[in-house]
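Letters A, B, ... mirror the listed sequences (proteins, then strands); counts begin at 1.
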Protein chains: 2
Amino acid sequence: MALVAVSNKRVILKRYLTACEIGQLGDEMEVVTAEAVPLSVPAGSSAMLMKNLYISCDLYLRNRMIRHEVPTYISDFVPGEVVTSHGVMKVISSGHLDFKAGDLVSGMTGWEEYTLINNPESLFKINYPEFPLSNYTGVLGMHGLTAYVGFFEMSKPKKGEYVFVSSACGAIGQIIGQLAKIKGCYVVNLLKTKFGFDDAFNYKKEPDLEAALKRLAATHLRCFPEGMDIDFENVGGAMLDTVLPNMRLGGRITMCGMISQYHLERPEGVRNLMYIITKQLRMEGFVIFDSITVYRQFEEEMAGY
Amino acid sequence: MALVAVSNKRVILKRYLTACEIGQLGDEMEVVTAEAVPLSVPAGSSAMLMKNLYISCDLYLRNRMIRHEVPTYISDFVPGEVVTSHGVMKVISSGHLDFKAGDLVSGMTGWEEYTLINNPESLFKINYPEFPLSNYTGVLGMHGLTAYVGFFEMSKPKKGEYVFVSSACGAIGQIIGQLAKIKGCYVVNLLKTKFGFDDAFNYKKEPDLEAALKRLAATHLRCFPEGMDIDFENVGGAMLDTVLPNMRLGGRITMCGMISQYHLERPEGVRNLMYIITKQLRMEGFVIFDSITVYRQFEEEMAGY
């Protein structure tokens with residue numbers, strides 16, 4: 001007789017954190033065993049039961065551990081409920097016409113063994129299973145899509161332009177760097193040098209983060225006295241302040257994240273905004289969840305690269 | 001026998017000021033009588049001798065009284081030399097084919113009785129002399145052009161959108177307000193209310209400018225809980241910080257000036273830039289001197305209004 005239900009281990013958030021606390025994560029999550037999951041979706045439902053294969057652990061998730069008074073671009077986690085992020089899954093049982101058992105898909109899912117997905121429209125079938133599946137949590141997943149949209153659509157790069165990538169974790173920044181090379185741009189990527197950004201950005205150990213960031217960025221920017229045409233901004237705060245005077249006339253600053261600010265109760269002030277006027281810069285923010293429509297084009301193009 | 005030369009009174013800057021000093025202007029200018037001016041241009045020259053009729057005294061000129069280490073969008077004044085700004089002039093003698101004696105023109109000129117202009121290409125013949133000529137230092141001059149370009153070209157307004165105008169001096173802000181009405185937008189213009197901005201923005205008397213600005217903007221923004229689609233930013237600093245959380249998804253912040261910052265040695269920090277990401281805002285700076293090509297279209301359209 002076939003198995004009809006399985007146990008389901010999951011990761012839950014125990015409590016909301018303060019902004020300060022997300023700088024030093026500790027015991028705020030817990031693995032629990034949830035109630036057993038039926039291995040088929042109810043008749044007539046369009047839901048899908050998924051086996052989770054890979055889960056993406058992203059810096060922006062820290063921000064979801066805080067309870068926000070004002071809604072942000074993505075929902076806060078709920079204590080006691082399963083943590084969610086982008087992942088790779090296999091369909092176990094499908095009530096949706098577009099998918100069948102055995103299909104490999106990517107999309108938002110839970111940090112658990114099995115997830116019942118009620119809105120399968122949010123999922124994408126994996127078209128290139130010949131690549132390592134974990135790529136779909138990276139270069140072919142949310143990070144890749146963010147880099148792709150943030151660079152090609154938002155930053156509008158031209159061949160020969162100078163691109164500054166200050167990304168902290170590198171998941172997105174590394175991809176931006178490669179896309180910029182493909183486009184024929186010059187890339188200043190803090191990650192790729194001996195002054196690696198991860199070292200400098202250890203805010204637990206660095207007594208003066210602002211000074212460290214400025215020193216780091218200044219060191220790199222000095223090598224490019226003509227300035228930057230594009231800044232892909234993932235850090236914010238003092239880093240952004242250091243980049244602004246180094247932008248070229250008509251430059252574009254694509255705002256993707258502010259990783260240096262999430263753990264602060266009160267964000268740092270950025271003082272050099274006057275350069276937006278004098279250098280006629282465009283600073284534009286984007287949220288990748290609104291660019292899902294370009295996913296197919298992205299997957300196709302990135303697979304080609 | 002015709003007069004061949006006349007005396008020429010002019011206003012000069014005596015010395016460079018510090019950023020702090022431009023908040024409290026005093027005796028930094030002086031009226032001097034310069035050497036006599038020949039009333040005709042040298043044979044073979046394409047220069048023009050102009051009689052100045054109206055001169056525009058603008059807030060941005062304060063910024064030109066400071067010696068900038070890094071070049072800004074416009075040259076610093078030079079101590080001992082005549083102060084320059086936009087003005088209305090009559091041609092006395094012309095070496096340029098496009099102009100003849102008696103023509104009325106507008107453009108950059110000196111704060112003096114007569115000015116020899118060596119680049120007449122920078123001047124515009126006045127096509128609507130039936131309007132008060134002083135309009136060509138205001139609604140039909142640099143202020144009007146700034147408002148026109150900043151609103152229609154940069155902010156891309158749509159009918160029914162909400163527009164926030166925080167402009168301090170009102171020269172540009174008042175025009176923006178009227179253009180916004182013409183376009184069918186709702187306008188929040190601090191100047192037009194009993195909490196008039198000019199009162200609040202007296203930094204000589206206001207002990208806590210930041211608090212005053214925030215209070216003022218917050219009072220107005222509360223009336224529009226849906227938020228603003230467009231912010232025409234002329235103030236910067238705390239005002240911009242107060243506006244950011246009140247922007248609507250996809251809003252545009254057109255950066256024209258930062259009048260609250262010019263007198264500060266160190267600009268205030270703007271802390272709410274995260275809203276650029278979460279609300280997917282576009283913040284773009286512009287300098288009107290680069291939009292001179294649209295002047296004719298602007299003059300025609302504004303004369304119609």
Side-chain angles (χ1 to χ4, degrees), chain A residues 19 60 63 68-74 146 149-150 154 210 227 233-238 240-241 244-247 249-262 264-291, chain B residues 19 60 63 68-74 146 149-150 154 210 227 233-238 240-241 244-247 249-262 264-291:
Chain A
Y60 82 93
N63 211 22
H68 292 89
E69 296 295 331
V70 180
T72 69
Y73 58 92
I74 191 165
T146 304
V149 171
M154 305 290 295
E210 183 167 338
E233 190 58 50
N234 238 329
V235 178
L240 177 57
D241 235 350
L244 275 163
N246 289 289
M247 291 299 290
L249 199 69
R252 287 84 68 201
I253 300 177
T254 297
M255 304 282 275
C256 175
M258 290 198 172
I259 222 76
S260 69
Q261 305 297 300
Y262 299 149
L264 303 175
E265 283 288 353
R266 191 183 186 209
E268 289 177 287
V270 173
R271 298 178 190 277
N272 283 327
L273 294 180
M274 188 63 198
Y275 287 97
I276 293 183
I277 300 175
T278 56
K279 291 176 182 260
Q280 304 177 46
L281 307 178
R282 191 185 71 218
M283 183 187 273
E284 198 164 4
F286 81 114
V287 170
I288 198 58
F289 307 108
D290 294 297
S291 297
Chain B
Y60 82 92
N63 210 23
H68 292 89
E69 296 295 330
V70 180
T72 68
Y73 57 93
I74 192 166
T146 304
V149 171
M154 304 289 295
E210 184 168 336
E233 190 58 49
N234 237 329
V235 177
L240 176 57
D241 235 349
L244 275 163
N246 289 289
M247 291 299 289
L249 199 69
R252 287 83 70 202
I253 300 177
T254 297
M255 303 283 275
C256 175
M258 292 198 173
I259 223 74
S260 69
Q261 305 298 299
Y262 298 149
L264 302 176
E265 284 288 354
R266 190 183 186 208
E268 291 176 285
V270 172
R271 298 179 191 276
N272 283 326
L273 294 181
M274 189 62 198
Y275 287 98
I276 293 183
I277 301 174
T278 56
K279 291 177 182 262
Q280 303 176 46
L281 307 177
R282 191 185 69 218
M283 185 187 273
E284 198 165 2
F286 80 113
V287 171
I288 198 57
F289 308 106
D290 294 297
S291 297

Test log, rule side-chain contact (heavy atoms from CB on, under 4.5 Å), inputs B:I74 and A:T278: CA-CA 9 Å; B:I74 192 166; A:T278 56; over 6 Å; no

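Contact annotation for A:L273: both backbone and side-chain heavy atoms come within less than 4.5 Å of a heavy atom of chain B.
The main-chain N or O of B:E284 is never found under 3.5 Å from a side-chain atom of A:R282 such that the two would form a donor-acceptor pair.
Most heavy-atom pairs under 4.5 Å with chain A, from the set B:M255, B:R252, B:E233: that is B:M255.
Between the OG1 atom of A:T254 and the CD1 atom of B:I276 there is a distance of 11.5 Å, given to the nearest 0.5 Å.
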